[in-house]
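Can you keep this structure in mind? I'll have questions shortly.
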Amino acid sequence: MTPQNGIPEIPAQQQLSGEPSGSRVTINDVARAAQVSVSTVSKVVNGRYGVAPATITKVHQVISELGYETSLVASSLRSTRTNIIGILVAEFEPFSLGLLNGISATLRGTEYDLMAYAGNLSPDGHAGWERRSLSRLGGTLIDGAIIVTPTVEVPHSSVPVVAIDPHTGPQMPLAIDVDNRAGAYTATKHLLDLGHRRIGHIRGRVDLASAHLREQGYRQALEEAGVEFDQQLARDGDYQHDAAVQAANDLLDLPEPPTAIFAANDLSALAALEVAGERGLQVPGDLSIIGFDDIPEAAQATPPLSTVRQPLHEMGAQAVNMLLALLSGENVQSPDHLPAVLVPRETTSRARNS
């Protein structure tokens, strides 16, 4: 029999079994288990009128029991909203994971879920992964995005975007960052105060503003201490382990190697610590090392790594709050830089000749 709305009812003999028809629970499975029509389930799922309260309760109970989920793409096409925030990262490394903790904690209790997406795993290559990711996800799977360490400028997007550790380009979205220059100045001054005068620097990614600001802070501290900047003591580390290993080896191969190294991030500092160990150097006796970020691995290193702490949890939380404000139609501006705090541990000590 066909009801007045023209949608056939599920025959009674097909409505008695609550077992799903396949590995993925479908709307037909819910209809069978609840002994209602597919159109009734659709009305309940989409919050439409015309269904008795008792039936709504029954359908929701079956949905919960079977674990039915509507298609995100289909839902977004109907409502233009998915209630999902995307965090786009190049890879799931310690810095990104620290931010994720703050992002997920801040979204807890809101109407939004979180989708973490590693765009650099694409075979298309490294540069521009965020543009490709936004093209794939924006408007159909996510309502807004938080992009971590973008490789290119992202001036336009189909969804609101907030960046963390922004690109050097002028056309970037709203961004969250720490006071990188002041943090690097503090790290270098810490080494200078310990009597070091020949201080190496392992730079970060040249396309990120943070790397340039950290080198500026390093140079500023040297200048104020009356130490001339030596180009040979600054090597590219790209914020990556392998590049930092090469940079540390280059520094330690110099005829007059540094007595201390300031690395632009903790991954690079840990790479320098590894190189020192392979060379039989004592840290901090022969070589002092300090990093930047304070990822969990820094405190767990042997010896524990001196570093400059970025408030990763707070940075993630601020990014979420900015994005939610954008989604609500508010006028939002990038906040002031968050402070970076010196965390001296056991990889820095007084220079032997001081």
Side-chain angles (χ1 to χ4, degrees), residues 45-47 69-119 129-167 169-180 208-210 293 310-340:
V45 168
N46 293 289
E69 295 181 1
T70 57
S71 164
L72 287 174
V73 174
S75 297
S76 67
L77 290 175
R78 287 192 299 270
S79 67
T80 70
R81 294 289 293 271
T82 66
N83 281 32
I84 291 182
I85 298 298
I87 174 168
L88 311 184
V89 300
E91 57 183 318
F92 294 114
E93 38 73 41
F95 177 77
S96 299
L97 293 175
L99 294 169
L100 267 170
N101 288 331
I103 291 169
S104 60
T106 308
L107 282 175
R108 194 174 300 125
T110 71
E111 61 181 334
Y112 289 94
D113 291 325
L114 176 65
M115 174 188 290
Y117 187 87
W129 62 266
E130 48 283 287
R131 286 179 179 168
R132 295 191 296 270
S133 300
L134 286 171
S135 177
R136 291 166 182 159
L137 305 176
T140 56
L141 288 179
I142 60 174
D143 293 335
I146 297 170
I147 301 180
V148 180
T149 61
T151 61
V152 292
E153 297 178 42
V154 187
H156 304 293
S157 170
S158 60
V159 295
V161 172
V162 172
I164 296 179
D165 198 356
H167 190 266
Q171 298 186 54
M172 282 302 297
L174 296 167
I176 299 291
D177 214 350
V178 298
D179 194 338
N180 288 288
L208 291 179
S210 60
D293 284 340
Q310 293 201 72
L312 299 181
H313 192 282
E314 185 178 351
M315 291 167 69
Q318 281 205 8
V320 167
N321 291 329
M322 286 175 62
L323 189 56
L324 294 182
L326 287 172
L327 289 168
S328 297
E330 299 178 26
N331 186 17
V332 181
Q333 294 183 338
S334 295
D336 293 335
H337 297 308
L338 292 169

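Computed from heavy atoms alone, side chains included, the values below leave out hydrogens, waters and symmetry copies.
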query = What closest approach, in Å, do Leu114 and Ser104 show between heavy atoms, and which atom pair accounts for it?
reply =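 Heavy-atom minimum between the residues: CD2-CB, 4.0 Å.
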inquiry  = In the structure I gave you, are the side-chain heavy atoms of Tyr117 and Leu141 within less than 4.5 Å of one another anywhere?
reply    =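 A side-chain contact is absent here, since even the closest heavy-atom pair is not under 4.5 Å.
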task = Mind listing the closest non-hydrogen atom pair of Asp177 and Pro166 along with its distance?
result =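 Heavy-atom minimum between the residues: OD2-CD, 3.3 Å.
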ask   = So how far is it from Leu88 CG to Thr149 OG1, rounded to the nearest 0.5 Å?
value =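 Leu88 CG to Thr149 OG1: 10.5 Å, rounded to 0.5 Å.
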ask   = CG/Asp113 to OG1/Thr82 distance, rounded to the nearest 0.5 angstrom?
value =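 One finds 9.0 Å between CG of Asp113 and OG1 of Thr82.
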task = Measure across Pro335 and Met322 and return the closest heavy-atom pair with its distance rounded to 0.1 Å.
result =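 Distance-wise, the nearest heavy atoms are CD-SD, 3.5 Å.
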message = Applying side-chain contact (heavy atoms from CB on, under 4.5 Å) to Val89 and Leu100, what does each step give before you reach the verdict?
response = CA-CA 10 Å; Val89 300; Leu100 267 170; 5.8 Å; no
inquiry  = Is any side-chain heavy atom of Asn101 closer than 4.5 Å to one of Leu312?
reply    =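 Not touching, per the 4.5 Å side-chain cut-off.
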query = Between Thr110 and Thr106, what is the shortest heavy-atom contact and its length?
reply =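 Closest heavy-atom pair between Thr110 and Thr106: CG2-O, 3.7 Å.
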query = Would you say Glu93's side chain and Phe95's backbone share a donor-acceptor pair under 3.5 angstrom?
reply =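 Yes, because the side chain of Glu93 sits within donor-acceptor range (under 3.5 Å) of the backbone of Phe95.
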task = Start with the C-alpha distance between Tyr112 and Leu327, add both sets of side-chain angles, then the distance that settles side-chain contact (heavy atoms from CB on, under 4.5 Å), and finish with yes or no.
result = CA-CA 11 Å; Tyr112 289 94; Leu327 289 168; 3.7 Å; yes
inquiry  = Keeping Ser328 on the side-chain end and Leu324 on the backbone end, is there a donor-acceptor pair under 3.5 Å?
reply    =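 Checking the backbone N and O of Leu324 against the side chain of Ser328, a donor-acceptor pair under 3.5 Å is found.
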Distance-minimising heavy-atom pair for Ala340 and Asp179 =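 Scanning both residues completely, I find the closest heavy atoms to be CB-O, 4.1 Å.
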request  = Nearest 0.5 Å please: distance from the CG atom of Leu326 over to the CG atom of Asn321.
outcome  =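 It is 11.0 Å, given to the nearest 0.5 Å.
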Separation between CD1 of Ile164 and CD of Gln310, rounded to the nearest 0.5 Å =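 If we round to the nearest 0.5 Å, Ile164:CD1 and Gln310:CD are 10.0 Å apart.
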ask   = If you take all heavy atoms of Ala145 and Leu323, which pair is closest and at what distance?
value =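 So the minimum-distance heavy-atom pair works out to N-CD2, 3.6 Å.
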query = Under the 3.5 angstrom rule, does the side chain of Asp143 hit a backbone N or O of Ile85 as a donor-acceptor pair?
reply =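 Not a single qualifying donor-acceptor pair exists.
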request  = Please examine the side chains of Val148 and Ile87, heavy atoms only from C-beta on, and report whether any two atoms are closer than 4.5 Å.
outcome  =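 Result yes, sub-4.5 Å side-chain heavy-atom pair found.
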message = For a quick check under 3.5 Å, do Asp165 and Ser210 share a side-chain donor-acceptor pair by atom type?
response =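 Result is yes, a qualifying pair exists.
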query = Heavy atoms, side chains only, cut-off 4.5 Å: are Ile146 and Ile176 in contact?
reply =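 Result no, sub-4.5 Å side-chain heavy-atom pair not found.
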query = Do Leu174 and Ser334 have side chains that get closer than 4.5 Å, going by heavy atoms?
reply =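 When only atoms from C-beta onward are counted, Ser334 and Leu174 do touch, with a gap below 4.5 Å.
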